[in-house]
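Data block below; observations after.
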2 protein chains.
Amino acid sequence: MSREDQILDAAEALIVHYGYDKTRVSEIAAEAGVSKGAIYLHFQSKQALMDGLLVRAMERYGEAWLEAVEADPRGGTIGGMYRNVLKAVKNSPLIEAMMSQDPRVLGSYLHAPDGLLRRAQMRSMRAEFIAEMQAVGCVRDDVSPAVVAHVMDMLGYGLLGAGEMKPREQIPPMEKTLELIGELLDARLTPPEAQSDAGKAVLRRVMSEGQDMMRELARSPDEAEER
Amino acid sequence: MSREDQILDAAEALIVHYGYDKTRVSEIAAEAGVSKGAIYLHFQSKQALMDGLLVRAMERYGEAWLEAVEADPRGGTIGGMYRNVLKAVKNSPLIEAMMSQDPRVLGSYLHAPDGLLRRAQMRSMRAEFIAEMQAVGCVRDDVSPAVVAHVMDMLGYGLLGAGEMKPREQIPPMEKTLELIGELLDARLTPPEAQSDAGKAVLRRVMSEGQDMMRELARSPDEAEER
DNA sequence: TCGTGACCCAAAAAACGAAACTGGTCATAC
DNA sequence: GTATGACCAGTTTCGTTTTTTGGGTCACGA
């Protein structure tokens, strides 16, 4: 394992537990077994470290999701992709914090104008993705991609946030919830003749493009636009 | 219009605009055209006033929702009820703030251990409601009421919260979003032979019981349980 | 040449005392 | 008998000063 990955492992463990603001660079260094100066040989700043951490987390999440979808015979439908999100998010509290923009974890990083999170958020590819799924016959033509994309965002937001609004005993197992949501999506959106493999191909390509974009964003923070 | 309603109208206007914490009792009194002492003839405390305001808002919201569902020939299905939520929530920023637990509006009231909001939240009737809809043949039997209830809570949470996570231009019209959600729900959950009128009758009864319960909760704050 | 950790200094946090605020009360007036 | 608004007392806010913090740097040693 490279020293850079050791540093990112240490950063992830501390930031997930204490939050970005309460984690000092010196603590990350100590946890990684290197000096503070060594951190700055790899990362231009604390924020650049966090950017790199999120890129790595998103790559791993994307790979896990793709694997789960590939392994599922019906994974290539909208519902199938959603059903497999849990397998990807599982064991990734950083991804969860990123998706729900949890201030306890992300703290002031949330408001950094040139942080990766802020920059990546401005570009939504979800609606284009739905349009591509329609093009290969995996989503019915009689729905607006923008509306479908928004409903899926709502579900994602609700999946992460609603659990905090209710007593734990009222929340059913996450897998059962995702199963039902997958069924709801497929019952209305997926034509019976849809080819799961075609949907998987679309997801593979979109994920690959998304990761290229994320790396590019992380490399060029100075080109960030002000909101 | 009773003086109590005048006071509540004034309180609603100010609290929705400035938030609970930034609204003084003296300002509510001035807006209602009465003295501060008169406020305390009607309400035991500022918090009791807020409790009463929420009870009244929930009653009006429930009536509006019921009206919308009654007027819709397909309003008695799960999807139909959801589709008509907008008509009920429309023009009710206080209900919206209550459902999303908006700290800008509700402020310290959110954390009041004996506030109505906190007490009402502990009792969820949604799962029982779904079970009753199953009993009258308006929801398929092959789904768990608890899971359906949770998914609907997620959708509600996402409906209110997701809009704050995205640039406004990426959010489609609310009515189109609700229409699609209604379709998703009915496609999977509603049997083709479901009787819309039977569903409406269930909703009427549950809403009536819910309002009785809310009034009871507002009357007996001293019996609140600590969380 | 690279890694280190003492150091710098701008920013943040804490402490303090004074001033302002406001929920709730009740003596007084109508 | 009921409504009022001056008043009380606890809480909050504010401005200033002092102390602490920690991101980032770089002279030095291996």
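All heavy atoms count here, side chains included; hydrogens, waters and symmetry mates do not. Throughout, protein chains are lettered first and strands after them, A, B, ... in sequence-line order, and every chain is numbered starting at 1.
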#### Entry: Qualifying ring pair (Phe, Tyr, Trp, His ring centres under 6.0 Å) pairs with a residue from residues 159-178 of chain A, counting only residues at least two apart or across chains
none
### Message
Run the ring pair (Phe, Tyr, Trp, His ring centres under 6.0 Å) test against F129(A) and tell me which residues pass, sequence neighbours left out.
### Response
none
### Message
Rounding to an integer number of Å, can you tell me how far I39(B) CD1 sits from dG5(D) C1'?
### Response
13 Å
### Query
Can you tell me how far P of dA13(C) sits from NZ of K22(A), to the nearest Å?
9 Å
### Query
Would you say Y82(A)'s side chain and G156(A)'s backbone share a donor-acceptor pair under 3.5 angstrom?
yes
### Task
Starting at atom NE2 of H42(B), determine the distance to atom P of dT2(D), rounded to an integer number of angstrom.
11 Å
For nucleotides 23-25 of chain C, which of its nitrogen or oxygen atoms have a protein nitrogen or oxygen under 3.5 Å away, and what is each distance?
{"residue": "dG23(C)", "atom": "OP1", "partner": "K46(B)", "partner atom": "NZ", "Å": "3.4"}
{"residue": "dG23(C)", "atom": "OP2", "partner": "V25(B)", "partner atom": "N", "Å": "3.0"}
{"residue": "dG23(C)", "atom": "N7", "partner": "K36(B)", "partner atom": "NZ", "Å": "3.3"}
{"residue": "dG24(C)", "atom": "OP2", "partner": "Y40(B)", "partner atom": "OH", "Å": "3.1"}
{"residue": "dG24(C)", "atom": "OP2", "partner": "K46(B)", "partner atom": "N", "Å": "2.8"}
{"residue": "dG24(C)", "atom": "N7", "partner": "K36(B)", "partner atom": "NZ", "Å": "3.2"}
{"residue": "dG24(C)", "atom": "O6", "partner": "K36(B)", "partner atom": "NZ", "Å": "2.4"}

### Query
What pairs meet the ring pair (Phe, Tyr, Trp, His ring centres under 6.0 Å) rule with one or both residues in residues 14-42 of chain B, with sequence neighbours excluded?
Y20(B)-Y109(B)
#### Entry: Residue pairs involving residues 30-44 of chain A (criterion salt bridge (Lys or Arg N to Asp or Glu O under 4.0 Å); sequence neighbours excluded)
none
### Message
Without decimals, in angstroms, what is the distance between Q6(B) CD and dA3(D) P?
### Response
13 Å
### Query
Can you list every salt bridge (Lys or Arg N to Asp or Glu O under 4.0 Å) pair that touches residues 52-64 of chain B, not counting sequence neighbours?
D5(B)-R56(B), D9(B)-R56(B), E12(B)-R56(B), E59(B)-R215(B)
